[in-house]
Amino acid sequence: MRWTQALIPTLKETPAEAEILSHKLLLRAGLIRKLTGGLYTFLPLGLRVLRKIEQIVREEMDRAGALEVLMPALQPSEIWQQSGRYETAAEVLFKVRDRAKKEWVLGPTHEEVITLLAAGEISSYRQLPKNFYQIQMKFRDEIRPRFGLMRAKEFIMKDAYSFDVSDEAAMASYRKMYDAYTRIFNRCGLKNFPVEADTGVIGGSHSHEFMVPAETGENEVVFCEGCGYAANIEKATSGIPATAAREIGAAIEKFATPGVATIEALSKAPYSVPANRQIKTLVYIADSKPVLILVRGDDQLNETKLMARAGATAARPATPEECAAALGAKPGSLGAVVNVPAGVKVFADERLRGATDMTTGANEDGFHLKSVSMERDIKVTNWFDLRTVSAGEPCAKCAKPLKIRRAIEVGHVFKLGTKYSEKMGALFVDADGQRKPCVMGCYGIGVTRTLQAVIEQSNDKDGILWPLSVAPYAVCITPLGVAADSAVMQLAEKIYSELTALGVEVLLDDRDERPGVKFKDSELIGIPLRVGIGEKSLAKGEVEIKPRGGALSAVKPDEAVAKVMELLKAGSTVSPT
RNA sequence: CGGAGCGUAGCUCAGCCUGGUAGAGCACUUGGUUUGGGACCAAGACGUCGCAGGUUCAAAUCCUGUCGCUCCGACCA
């Protein structure tokens, strides 16, 4: 491709809309342009990278035995009602109506469609296992699109769905996808690692997210350098000990705490009750019913865990009015000792098990209770792990201190079980003649997000450093001076046509620009290899070859093509760490 | 949905407080000088100042409304 014929609108200045580095570089390097918030056009350069990533995904999915399909983005809302997700996923659904006023949804994902397909096409265990995948646009009514391609209203996803005869067989399918994902992200040149992830209300035992470490990531990951444990903070547990029991003193004692409404205020004089001797009482509305949540005063409730343990599809903190209605007191004086209405469940965090001599709210504004014993004084409906892990807590497996880092989620593998196959009728007849629901798994990769994650991870002060595997062009030829009859330009053309004939993707910077402009641009857009040809070096019988981010070397003009091929070959076999 | 900020040339922004002929840099066009790390000189083109209403002799500027964008929040009482 000749630069003068391409559209590569690089920007010297950063558009004000971009917050994080990768988003700025997407815009500055001329890869994307914004239509409106959360919606972007891929320009030619960006599209080339996107296609490279898609191709890697395809090759690895095919290698793992998955079959590519393409499902409709527009779906009838009935099938969402059939799966029950018309309600549970309502917030993210884009809905549209046709001229007959019939309602449709723009697919945020495709479990319903694929399961219906399987229901129609799969009838015997002999046809299983099957794994279908597609690479397609997804639509989600994101609460707040941000960071360019990271969280958009519309994005490209690779989604795959496996169908198996049994749990064991489904685990084998899961394992294949898990391995394929590792290969995919490695081939994209991404440092990545799988972490245990929450399985949410769907339940099931297996879910991993593939994370790319990045300070700008929206996820927090807990990991152990001792044993390799790694989990999303929404799921992570630690080996932190339960609260130490103390001598159970006198009976519960009520004391006045006028104006005290926080754990912190109660921990100060004149009360001086340390946070770790307090019971924090939270009221949540889970699926429209109030529940009491008890965690230790110095712990943080993990909402994801709450939803998972409570089996709730929606949970939110109760308003002060709802608290007062349920318990007779406003937040700040809440507790689970007295005045808990029958039928209101009390979920307590495991760390409080056996705790004695605790202080908590009296369910009466301005009063607290002390000398409270969990077992003796509080009727706990269920004990759950509900707290959020903090850095430094001992690993549950090897006791080494846990660490926390931020990361970008680029992939998610999930064992679904039979939830959808039962609802959508994806049944098969097994060898024993029994009709059974397929055991499913689903597996997603955010393709457009992966593209941005590569930039987020691979850049320097001058711009992007594309891994060769996803670079829009492998080589940029940079003639300094473009007069058609000059020795410089003639050599540039010769190398261009020879490399092109060898199947190399080459960008020839034939613009009549000053050297500085050309160098800066080729570095900004991150082309892995630059071949510099100028009068000065040519006079010495040399052309320059410079890997992006590496050292410049000089070769004879005749040897330039061979040298480039050698470097490309070496680069393509480099396996990322 | 709540809070904050911003909408002025293709981009980055000034002007607004204190109303009075629409600005700069970059980018673009033409000519010239340059030519190994985002050149220089000269000339030029580019604006319904987000939109609507109001106040005023006069509104980019003040007021009201509205739309859009960005950021923070929407667990921890």
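Lettering follows sequence order; numbering is per chain, from 1.
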Rounded to whole angstroms, how far apart are CD on A:Glu364 and P on B:A77? 21 Å

Send over the distance from A:Glu322 CD to B:C75 P, rounded to a whole Å. 13 Å

To the nearest Å, how far apart are A:Asp298 CG and B:A77 C1'? 16 Å

Would A:Arg48 pass as a cation-pi partner of A:Tyr473, given that its NZ or CZ must be under 6.0 Å from the six-membered ring centre and within 45 degrees of the axis? yes

Give A:Gly534 one of three labels, base, sugar-phosphate or nothing, depending on what nucleic acid heavy atoms sit under 4.0 Å from its own. base

Examine the base of B:G38 for any acceptor or donor lying under 3.5 Å from a partner atom in the side chain of A:Arg511, and report the outcome as yes or no. no

With a 4.0 Å cut-off on heavy atoms, is A:Leu282 in touch with a base, just the backbone sugar-phosphate, or nothing at all? base

So does A:Arg144 get a side-chain nitrogen or oxygen closer than 4.0 Å to the phosphate oxygens (OP1/OP2) of B:C71? yes

Between A:Glu103 and A:Tyr86: side-chain donor-acceptor atoms closer than 3.5 Å: yes

A:Ile143 CD1 to B:G2 P: how many Å, rounded? 12 Å

Less than 4.0 angstrom between a side-chain N/O of A:Lys12 and OP1 or OP2 of B:A27, yes or no? yes

Check this for me: does any side-chain nitrogen of one of A:Glu350 and A:Arg353 sit under 4.0 Å from a carboxylate oxygen of the other? yes

Proximity to the side chain of A:Thr10 - top-ranked nucleotide from B:G37, B:G38, B:A39: B:G38

Pair assignment for B:G73, Watson-Crick or G-U wobble, requiring both distances under 3.5 Å: B:C1

Picking from B:G38, B:G37, B:C13, which would you name as closest to the side chain of A:Val517? B:G38

Which residue lies more 5' along RNA chain B, comparing A:Gly516 with A:Pro15 via nearest heavy atoms: A:Pro15

Between A:Asp198 and A:Lys305, does at least one N-O distance fall below 4.0 Å, as a salt bridge requires? no

Can you tell me the distance, in whole Å, between the CZ atom of A:Arg151 and the P atom of B:C72? 12 Å

With a 3.5 angstrom cut-off on both distances, give the Watson-Crick or G-U wobble partner of B:C28, or none if there isn't one. B:G44

Students often get this wrong, so: under 4.0 angstrom with heavy atoms, is A:Pro331 touching a base, only sugar-phosphate, or nothing? base

Using a cut-off of 4.0 Å on non-hydrogen atoms, how would the nucleic acid contact of A:Leu334 be classed: base, sugar-phosphate, or nothing? nothing

Quick one: does A:Glu13 reach the base of B:G25 with a side-chain donor-acceptor pair under 3.5 Å? yes

Please give the nucleotide sitting opposite B:A14 as a Watson-Crick or G-U wobble pair, both distances under 3.5 Å, or none. none

Within 45 degrees of the axis of the six-membered ring of A:Phe223 and under 6.0 Å from its centre: does A:Arg405 put its NZ or CZ there? yes

Measure the distance from CD on A:Glu19 to P on B:C69 and round it to the nearest whole Å. 16 Å

Looking for any heavy atom pair under 4.0 Å, which part of the strands does A:Ser537 touch: base, sugar-phosphate only, or nothing? base

For B:U35, the nucleotide meeting Watson-Crick or G-U wobble distances (both under 3.5 Å) is none

Less than 4.0 angstrom from a charged side-chain N to a carboxylate O is my criterion; do A:Glu19 and A:Arg146 meet it? no

So A:Gln452 and A:Ser22, side-chain hydrogen bond (donor to acceptor under 3.5 Å, both in side chains) or not? Walk me through it. CA-CA 6 Å; A:Gln452 187 166 348; A:Ser22 53; 2.9 Å; yes

Report the nucleotide, chosen from B:C13, B:A77, B:G38, that has the shortest atom-to-atom distance to any side-chain atom of A:Pro317. B:A77

Counting Watson-Crick and G-U wobble pairs only, both distances under 3.5 Å, name the nucleotide matched with B:G7, or none. B:C67

Here the distance between atom C1' of B:C71 and atom CZ of A:Phe147, to the nearest Å, is 9 Å

Check: B:U70 base within 3.5 Å donor-acceptor of A:Arg146 side chain: no

Once you apply a heavy-atom cut-off of 4.0 Å, does A:Glu544 come out as touching a base, just sugar-phosphate, or nothing? base

Which of residues 478-492 of chain A sit near RNA chain B, with a heavy atom under 4.0 Å from it? A:Leu480

Test: A:Lys370 cationic atom under 6.0 Å from A:Phe255 six-membered ring centre, within 45° of axis: yes

What residues 32-46 of chain A contributes to the RNA chain B interface at heavy-atom separation below 4.0 Å is A:Lys34, A:Thr36, A:Gly37

A:Thr237-A:Asp385 side chain donor-acceptor pair, cut-off 3.5 Å: no

By the 4.0 Å heavy-atom rule, please label A:Val283 as base, sugar-phosphate, or nothing. base

A:Asp299 CG to B:C75 P: how many Å, rounded? 19 Å

Between A:Glu493 and A:Arg2, is there a salt bridge with N-O shorter than 4.0 Å? yes

Note: A:Glu322-A:Arg316 ion pair, threshold 4.0 Å (strictly below): yes

So, under a plain 3.5 Å distance rule, would you say the side chain of A:Arg28 forms a donor-acceptor pair with the base of B:G38? yes

Taking B:C28 as the reference, what is the distance to B:C11 when you measure between their P atoms (whole Å, please)? 15 Å

Under 3.5 Å, is there an N or O donor on one side and an acceptor on the other linking the side chain of A:Glu513 and the base of B:G37? no

Looking at every strand, decide which applies to A:Asn302 at a 4.0 Å heavy-atom threshold: base, sugar-phosphate, or nothing. nothing

NZ/NE/NH1/NH2 to OD/OE distance under 4.0 Å, A:Asp460 and A:Arg548: yes

Atom pair CD1/CD1 of A:Ile279 and A:Ile378 - distance to nearest 0.5 Å: 4.0 Å

Let me spell it out: for each of A:Ala318 and A:Glu535, pick the nucleotide of RNA chain B with the closest heavy atom. Which residue's pick is nearer the 5' end? A:Glu535

Using Watson-Crick geometry (N1-N3 plus N6-O4 or O6-N4) or G-U wobble (N1-O2, O6-N3), each under 3.5 Å, B:A59 is paired with none

Side chain of A:Lys280 - closest among B:A74, B:U34, B:A77: B:A77

